[in-house]
Amino acid sequence: MSLVNVRAAFEKAVTDTVAGVDNTVTMVYDNTPFTTPGKTSKYISMSVNFNRSTMQNMGAAADFYTGVVTCNVYVPKNAGTATLASICEAVIDGLISVNASGYTDTFNCDPRVLDIVGPTPLDVEDRSHYVGLISCQFTANA
């Protein structure tokens, strides 16, 4: 298992689910270079932050990752909050999909999410987009 596999598992789960709901949404990941999409674009900024990398069992330490996944969902204000809610729901569905009994773990990291917080909607007056903040803790192990 590797940090890359854990990150990929969560990114793929969310990306695939969002694309199934609205394929015009651009995914922006914290570990790749990007240009902020324009004022009329719908996009999600996703970050995966690691808190812990091992668990001390009896004997040698085992790979056991914990951390936080954060997704900021941006929709143009002229699209309305219904669009924001729809995309946020897709993000949540993508995150919890790794917990489903039928989930296929192609990254060999046994990803799991804990309680999801949000979406917390933000309407900043001088910004072109509504923002929905979603975050959750996660675990992954070998």
Side-chain angles (χ1 to χ4, degrees), residues 1-77 79-124 126-142:
M1 178 174 74
S2 72
L3 296 169
V4 173
N5 287 5
V6 173
R7 176 183 292 280
F10 291 112
E11 289 175 351
K12 181 169 178 28
V14 171
T15 300
D16 289 353
T17 305
V18 169
V21 171
D22 186 342
N23 65 2
T24 65
V25 177
T26 301
M27 293 295 299
V28 176
Y29 308 104
D30 66 334
N31 62 334
T32 58
F34 69 92
T35 302
T36 302
K39 292 181 179 183
T40 60
S41 298
K42 296 176 277 187
Y43 64 100
I44 298 169
S45 174
M46 183 174 186
S47 65
V48 179
N49 298 299
F50 294 90
N51 297 335
R52 185 169 98 180
S53 298
T54 63
M55 178 172 53
Q56 195 65 38
N57 294 324
M58 308 237 336
D63 289 343
F64 182 78
Y65 299 126
T66 65
V68 176
V69 176
T70 304
C71 296
N72 297 339
V73 179
Y74 297 87
V75 299
K77 285 188 178 177
T81 57
T83 302
L84 179 67
S86 173
I87 296 170
C88 286
E89 188 67 36
V91 168
I92 292 167
D93 289 346
L95 289 168
I96 63 174
S97 71
V98 302
N99 291 1
S101 60
Y103 173 73
T104 303
D105 184 12
T106 58
F107 298 98
N108 298 315
C109 62
D110 194 24
R112 294 286 179 260
V113 295
L114 304 173
D115 294 335
I116 294 175
V117 178
T120 303
L122 296 177
D123 179 9
V124 181
D126 63 338
R127 302 293 171 109
S128 60
H129 287 76
Y130 289 120
V131 183
L133 308 175
I134 300 169
S135 65
C136 67
Q137 294 179 327
F138 71 85
T139 64
N141 58 18

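Note that the structure is a prediction, hence the values are computed from the model and not measured. The analysis underlying the following values was restricted to heavy atoms, covering all of them including side chains, and did not include hydrogens, waters or symmetry mates.
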Check residues 12-27 and write down every donor-acceptor pair under 3.5 Å in which the side-chain atom is one partner and the other belongs to a residue at least two apart or another chain.
from: K12; atom 1: NZ; to: D16; atom 2: OD2; distance (Å): 2.5
from: T15; atom 1: OG1; to: E11; atom 2: O; distance (Å): 2.7
from: T15; atom 1: OG1; to: Y29; atom 2: OH; distance (Å): 2.5
from: T17; atom 1: OG1; to: A13; atom 2: O; distance (Å): 2.9
from: D22; atom 1: OD1; to: T24; atom 2: N; distance (Å): 2.9
from: D22; atom 1: OD1; to: T24; atom 2: OG1; distance (Å): 2.4
from: D22; atom 1: OD2; to: K42; atom 2: NZ; distance (Å): 2.6
from: T24; atom 1: OG1; to: K42; atom 2: NZ; distance (Å): 3.0

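When all heavy atoms of A9 and F107 are compared, the pair lying nearest together is CA-CD1, 3.5 Å.
Side chain of S2 to main chain of N5: a donor-acceptor pair is present (N/O by atom type, distance under 3.5 Å, no hydrogens or angles). Distance alone, capped at 3.5 Å, is enough to place a donor-acceptor pair between the D105 side chain and the D110 backbone.
With rounding to the nearest 0.5 Å, the separation of CD1 in I116 from CG in N99 is 8.0 Å. Residue I87 holds its CD1 atom at 10.0 Å from CD1 of I134, rounded to the nearest 0.5 Å. Note that the CZ atom of R127 and the OH atom of Y74 stand 8.5 Å from one another [nearest 0.5 Å]. Between atom NE2 of residue H129 and atom CG of residue L122 there is a gap of 13.5 Å, rounded to the nearest 0.5 Å.
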Residues S135, T70; criterion side chain to side chain contact (heavy atoms under 4.5 Å, CB included); working and verdict = CA-CA 4 Å; S135 65; T70 304; 4.1 Å; yes
Report the C-alpha separation of N51 and Q137 in whole Å, then their side-chain angles, then the decisive distance to 0.1 Å, and conclude whether the side chain to side chain contact (heavy atoms under 4.5 Å, CB included) test is met.
-> CA-CA 10 Å; N51 297 335; Q137 294 179 327; 5.5 Å; no
Please walk me through it: do V131 and L133 pass side chain to side chain contact (heavy atoms under 4.5 Å, CB included)?
-> CA-CA 6 Å; V131 183; L133 308 175; 3.7 Å; yes
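Among residues two or more places apart in sequence or in another chain, the ring-ring contact (aromatic ring centres under 6.0 Å, His included) test is passed with F138 by F10, F50.
Annotation for K39: atom NZ does not count as buried by contact number, only 12 or fewer foreign heavy atoms lying within 6.0 Å.
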